[in-house]
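Input: a single structure, listed below in structure tokens.
Numbering starts at 1 and runs along the sequence shown.
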Amino acid sequence: MQYNTWLYLLAFLPLTLAAYYLLPLRLRYLALLAASIVFYTISCGSRILILIGSTLVIYITGCLLEQISEKFQEKKKELSKDERKLLKKQVEHQKRLLLTFSCLLLAGILVLTKYLNFFCSNLNILFEQLKISAHIPAFHFLMPLGISFYTLSAISYLTDISRQGAKAQKNFLKLLLFLMFFPVIVEGPISRYSKLGNQLEEGHSFQYQSFCMGLQLMLWGLCKKVLIADRMNRYVKYVFNSYENIPSPVIALGICCYTFQIYMEFSGCMDIVTGSAQLFGIELEKNFQRPFFSKNVNEFWRRWHITLGSWLRDYIFYPISISHPFQKLSKTARKHLPVYYASALPMIAALFAVWFGNGIWHGAEWKYIVYGLYYYAIVVLGMLLEPAFQKAALAFSINRESVWYHRFQIFRTFCLVNLGMLIFRADSLTKAAEMFRALLFNGFSTKETMSEALLGHGAGVLEWTLLLAFLLLVLFIGICQEKGIHIRETIASWPVFWRFGLYLTTICIVVTAGAYGVGFGPVDFIYAQF
């Protein structure tokens, strides 16, 4: 079930709202759970059993981890300092073994359904190169909906219990709701139990203001999806399928269009699901914060897919960078390297794991791994060259805080991101390399002229005009938000006549000017496949 379909918007969501607000507060979580089960079953049928089985493992592990910690707290009061230290070491070892086993089990399900054929096909290639006759057959497993998202949420839940940063949920149904809550199961945001769990459990009274703000945000998300992202899809497909025959500027435009398409679609989906949750009085974590105003790649990823970045930071980057072996390496390196570079070594090692994980999380293909390592190379080069940049700025009297320099940084970051999106969108690494070569060398003399490539294939003057108008509106709103102007709150404060007049006008535009009908096919959410 897609979030932008009439089934979701006019049937599923209204019925769920009615059931939620008709039940007593303490039972309202059951309405959300029932709706989530229906949503998941409609979307992927019997594969819901994998999610329920995984939740059972998570539930038992969480209770055991908390039980181990509680027993330690009781026993340590009767022990001497040395005995407490010894017991603590034993307890931490027990928790680490239990956590590792459960996380490997969860990761194993993910690998089995999402990555097994990727590993097997690469092993077959290796066997062929080594003249080994062995061959591993392909396996056909149906991947459960949202497995990449709920696996990360589950690992964070268990890790937080192990670290005693969260309490284990003793009600299995409430834990199941946290992992399969229908607004977040398809594309996130990747939720932490400490921020979402209690909201789902407690039940909320109807709040008119929150309800209206939720509807407003859903409408804005639909605008991004059907007015911009879906309209771009046809042109993006044409450019990525026909790059050999079209001029370089058109290829560059197609890559930019894909970058905007995936942003409008993913952030639009986040707006729809965040707005859906607000209808129930539930606040989801922010997943985007105007990433195209970023001045470097690091900042871009702090603003893009925020919950994935924060998960990788908290559960991969920090544990690796502050681990004893890498801190020891940094200390040893200070004897041979400047302090800046010696201190950076643990970060460089941790960042490799972060960006490799970021890449392969998106899919079981080499292009995704290279996509992640592409950003790793940019980030590490930026770190290593920062002292040189500072010296160059002083030597040439460049004010790195000036407006023009910031605009240059934004443009540079946008170009780097587009190259990354080329790798991400291409059918393969080979296709990405060919398209990059066409971008550099096709020039203007190809089989198709500029006007044929721009205005053919369904992308007429009217389509480009509408697209440009909608993009300028998003840009204007983004600039206002960057300056601290709260657009949504301002609109919500308008008189009823003007406020609902705007809403009805927007609905009419979505219905009449959306990318439907002849020449437009249904476009699934891109990130749903991950």
Side-chain angles (χ1 to χ4, degrees), residues 187 221 223-243 246 248-271 287-306 308-309 358-359 362-363 367-368 370-372 374-375 378-379 407-427 429 431-433 435-436 438-440 453-454 459 463-464 467-475 477-479 482 515 523-530:
E187 295 192 32
C223 287
K224 289 181 180 177
K225 168 65 175 166
V226 302
L227 296 180
I228 302 177
D230 289 358
R231 178 165 270 104
M232 284 179 166
N233 181 65
R234 182 167 54 178
Y235 187 70
V236 168
K237 286 174 66 177
Y238 154 66
V239 170
F240 276 82
N241 291 335
S242 310
Y243 56 84
I246 56 180
S248 296
V250 178
I251 296 174
L253 180 61
I255 296 168
C256 289
C257 282
Y258 177 69
T259 301
F260 287 129
Q261 179 196 4
I262 196 170
Y263 170 69
M264 293 299 171
E265 186 175 285
F266 195 10
S267 67
C269 179
M270 291 302 98
D271 291 339
N287 218 20
F288 286 91
Q289 194 171 13
R290 302 173 297 282
F292 295 115
F293 292 94
S294 304
K295 295 185 285 294
N296 54 57
V297 166
N298 261 332
E299 183 184 354
F300 177 85
W301 278 96
R302 287 197 298 270
R303 290 168 171 248
W304 176 287
H305 209 339
I306 296 170
L308 175 61
N358 184 308
H362 281 92
K367 69 171 185 176
Y368 293 119
V370 172
Y371 169 77
Y374 164 78
Y375 282 109
I378 293 172
V379 170
R407 287 175 181 169
F408 160 73
Q409 288 178 303
I410 290 170
F411 175 74
R412 178 190 63 191
T413 303
F414 181 71
C415 292
L416 292 172
V417 167
N418 274 279
L419 287 177
M421 289 301 179
L422 165 59
I423 299 169
F424 191 86
R425 172 60 175 79
D427 293 335
L429 281 176
K431 293 286 187 182
M435 191 169 180
F436 183 68
L439 175 66
L440 293 179
L454 284 171
E463 286 298 305
W464 283 113
L467 195 53
L468 183 60
F470 296 140
L471 282 172
L472 288 174
L473 175 62
V474 174
L475 175 63
I477 291 173
I479 291 171
E482 281 290 296
V523 184
D524 292 339
F525 283 101
I526 296 170
Y527 259 76
Q529 65 182 294
F530 305 131

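Under the 3.5 Å distance criterion, with hydrogens and angles disregarded, no donor-acceptor pair is assigned to the side chains of Asn296 and Gln409.
Heavy-atom minimum distance, Trp304 versus Pro291: CE3-CG, 3.7 Å. The minimum heavy-atom distance linking Thr259 with Val417 is given by the pair CG2-CG1, 4.2 Å. The two residues Arg290 and Arg303 make their nearest non-hydrogen contact at O-NH1, 2.7 Å.
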Margin query: As a quick check of understanding, evaluate side-chain contact (heavy atoms from CB on, under 4.5 Å) for Glu265 and Asp230, giving each step before the final call.
Written below: CA-CA 8 Å; Glu265 186 175 285; Asp230 289 358; 4.1 Å; yes
Review point. Taking it one step at a time, do Met435 and Ile255 satisfy side-chain contact (heavy atoms from CB on, under 4.5 Å)?
Key: CA-CA 10 Å; Met435 191 169 180; Ile255 296 168; 4.0 Å; yes
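With a 6.0 Å radius and a threshold of 12 heavy atoms from other residues, nucleotides or ligands, Arg412 has its CZ atom above the threshold.
When atom types are taken as modelled, the side chain of Ser248 and the backbone of Ala438 share a donor-acceptor pair closer than 3.5 angstrom. One N or O on the side chain of Lys367 and one on the backbone of Phe424 form a donor-acceptor pair closer than 3.5 Å.
Rounding to the nearest 0.5 angstrom, the gap separating the CD1 atom in Ile477 from the CG atom in Leu473 is 4.0 Å. Rounded to the nearest 0.5 Å, atoms CG (Leu439) and CG (Asn418) are 10.0 Å apart. With rounding to the nearest 0.5 angstrom, the OG1 atom of Thr413 is 9.0 Å from the NZ atom of Lys295. In this structure, CZ on Arg234 lies 12.5 Å from SG on Cys257, to the nearest 0.5 angstrom. To the nearest 0.5 Å, atoms NZ (Lys224) and CG (Asp271) are separated by 4.0 Å. Note that the NZ atom of Lys431 and the CG atom of Asn241 stand 8.5 Å from one another [nearest 0.5 Å].
Aromatic ring orientation, His305 versus Phe288: parallel (interplanar angle below 30°, classes split at 30° and 60°). Aromatic ring pairs are classed by plane angle as parallel below 30°, tilted from 30° to 60° and perpendicular above 60°; the pair Phe292 and Phe300 is tilted.
The shortest side-chain heavy-atom distance between Leu416 and Tyr374 falls under the 4.5 Å cut-off. Residues Met232 and Met264 are not in side-chain contact: their nearest non-hydrogen atoms beyond the backbone lie 4.5 Å or more apart. Considering only heavy atoms from C-beta on, Leu422 stays 4.5 Å or farther from Tyr258 through its side chain. Counting only heavy atoms from C-beta outward, the side chains of Trp301 and Asn358 approach each other to under 4.5 Å.
Here the two rings, on Phe260 and Phe414, have centers that are under 6.0 Å apart.
Annotation: cation-pi pair Arg231/Phe470 absent, no NZ/CZ under 6.0 Å from the ring centroid and within 45° of its normal.
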